[in-house]
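Comments concern the structure below.
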Amino acid sequence: MKLNCELIGKVLESFIRDELSKAGFSRVVVGLSGGIDSAVSCFLAVRALGPENVRAILMPYKTSSKESALDGSSVVNQLHIKCETIEITPIVDGYFASQPDANSLRRGNLMARARMIILFDKSMEYRALVLGTSNKTELLLGYGTLYGDMASAINPIGDLYKTDIFQLAQYLGVPQAIIKKKPTADLWAGQSDEAELGFTYAEVDELLYELIDNRVSREQLIQRGFKEDFLHKVIAKIQSSQFKRRGPVVCKVSPRTVTHDFHYLRDWGL
Amino acid sequence: MKHIVALAQISPKLGNLSDNLNLHLHCIERARSAGANLIIFPELSLTGYILQDLVPDIAIDPLTSPVLQPLLSLCQDIACVFGFVEVSDRFNYYNAAAYAAQGKVQHIHRKLYLPTYGMFDEMRFFAMGENLRTFETAFGQMGILICEDLWHPSTAYLHAQDGAQAVITVSSSPGRGVRDGELFHTSEGWTHLLRTTAQYFTIYHIYVNRVGFEDGAHFPGGSMVVSPGGEIVAQAKYFEEDFLVTEIDLEEVRRARLFAPMLRDERLELTLRELTRIINKRNAAR
């Protein structure tokens, strides 16, 4: 799964510049989690727009690891971008004060959505667009919060697998500490993507690339040595998360329904 | 005879006819001041590519529409190939490219093969063209193809057999499939096809692809001119707007055909006989 990072970097930079300027914007806001995806998005944005047009927002919760904050700050320092820190603890705890039985999944979702609210508000304040940080692996597996971290205006890395993100991070010069640490959503202490998913990104990306990009049949994949239960688990995840990749379902009653047969790109007229 | 050709590797605005028209006028003026005899724009250059439901709203009848007048009136001492949506008197909509010279549209090619798979959905919105014709120009006999047309080898073959000395292929071809190669997989495919068809048919192959993005779909450019020997004689940049001015020399066509007279030796009756047999066999199998 080798990637020509120079070529991809160039295309993604012009994507950010082009889609932004057509829509009448010159700035982005990006939520920096301290992880590799938001770091890569941020590095790309700075290459595309210059440091003065990228605003980073750090949004820790009281249990977020200190390491995340440090890694987020290292991106800010290296790129010389402006950054502000907004604690989500009052929003999250304020709500859950009346919901004492909420489990960690509900809490994690609300944290992701609290961050989304802040990013979209800040995008209004700065007349900027929210830059997305979801990669293709997450999008396919549904490993993200709908209307939370999955929400953005433009997403430069949504067609790149996690394995690609690691390569691109090296190419872009993302701090080594961020590249080397274990991927985590950091919604609760000790959380690890790979432990939670039950497989590694390297394993699943190899499978997804063959299954989705190359459309290799399931039989062939098993012949090539992919374990049957692993294959079925991944396919089930893709299928059951399809709702996260589509807008709300609208009941079609009129001759032309905006979600069914009203076909215009967002770049209409731009 | 040598002629100067300008390849306008532009990024049209989606569904914005007036801005795109102004961009065309600007490029035509630029080509004229560069001494060009012919300027070529990409597929759907006046409208943008992923038009979908915009198709009927942006369609024009090129023979009567006043919209084209400013463009046509500039085409006096320069000829121009541009892309647009054509509406017919039966209200069919075509992905079309026109050749304009002496202030008039001289020839229209309607896209024959409308990709409707993967990311493409053209047959939903457009009608298929039915004819493939070469036409006479001040620069020799020419034929136009639009994007997917070239991915069917019969089209370039027919143009060459119909007398084309140069084939003009215009496209809005997205870049897809990148791993560790130098270019997108699709760009490499284009280079193979353009060079192969030029060499196969001993023709100039002039290719203009657009650049820019439409909702994240990315058009990588890479417009080029390929000689009748199959060599790239000039190439525009990948990934950015460009304006390539280069020369074609029809003497090269004559020389290429001296060294490689395959066009002369082509057996049309044999091809036709075998095609008829294949069609009959297929029909019988139904």
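Worth saying up front: this structure is predicted, and the values here are computed from it rather than measured. Each chain gets a letter, A, B and so on, in the order its sequence line appears, and its residues count up from 1.
Below 4.5 Å, heavy atoms of chain A meet no heavy atom from residues 85-96 of chain B.
Counting heavy-atom neighbours within 6.0 Å of A:Gln239 CD, excluding the residue itself, gives a total of 12 or less. More than 12 heavy-atom neighbours from other residues, nucleotides or ligands sit within 6.0 angstrom of NZ on A:Lys252. Counted within 6.0 Å of NE2 on A:His260, heavy atoms from surrounding residues, nucleotides or ligands total more than 12; the atom is thus considered enclosed. The 12-atom threshold is exceeded at CD of A:Gln242, counting heavy atoms of other residues, nucleotides or ligands nearer than 6.0 Å. A 6.0 Å sphere centred on CE of B:Met128 holds no more than 12 heavy atoms belonging to other residues, nucleotides or ligands. Heavy atoms from other residues, nucleotides or ligands lying under 6.0 Å from CZ of A:Arg266 number 12 at most. Annotation for B:Glu29: atom CD counts as buried by contact number, over 12 foreign heavy atoms lying within 6.0 Å. Crowding of B:Met119 atom CE: a count of heavy atoms from other residues, nucleotides or ligands under 6.0 Å exceeding 12.
Of the candidates B:Leu54, B:Asp53, B:Leu14, A:Leu265 forms a side-chain contact (heavy atoms from CB on, under 4.5 Å) with just one, namely B:Leu14.
Interface remark: A:Asp213 contributes no atoms to any contact with chain B (heavy atom separation under 4.5 Å). When heavy atoms are compared at a cutoff of 4.5 Å, A:Arg215 does not approach chain B at all. There is no contact between B:Leu17 and chain A, counting heavy-atom distances below 4.5 Å.
In terms of modelled atom types and a separation under 3.5 Å, the side chain of A:Asp267 and the main chain of B:Asp215 share a donor-acceptor contact. Between the side chain of A:Glu19 and the main chain of B:Phe213, no donor-acceptor pair closer than 3.5 Å is present.
The NE2 atom of A:His263 lies 5.0 Å from the CZ atom of B:Phe125; values are rounded to the nearest 0.5 Å. Once rounded to the nearest 0.5 Å, the distance linking CG of A:Asp261 with CD of B:Gln52 reads 12.0 Å.
Evaluation of the salt bridge (Lys or Arg N to Asp or Glu O under 4.0 Å) rule for B:Arg210 yields B:Glu214 as partners, not counting sequence neighbours.
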Q. Given B:Asn16 and A:Trp268, is the side-chain contact (heavy atoms from CB on, under 4.5 Å) satisfied, shown in steps?
A. CA-CA 8 Å; B:Asn16 192 330; A:Trp268 183 1; over 6 Å; no
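A:Leu7 and B:Phe184 make their closest contact through CD2-N, 4.0 Å (heavy atoms, listed as atom of the first residue, atom of the second, distance).
Counting heavy atoms from C-beta on, the side chains of A:Ile8 and B:Val178 come closer than 4.5 Å. With a 4.5 Å cut-off on side-chain heavy atoms, B:Lys13 and A:Lys22 do not count as touching.
When each of A:Cys5, A:Ser14, A:Gly158 is checked for heavy-atom pairs under 4.5 Å with chain B, A:Ser14 comes out on top.
Judged by the 6.0 Å distance and 45° axis criteria, B:Arg179 is positioned over the aromatic ring of A:Tyr209.
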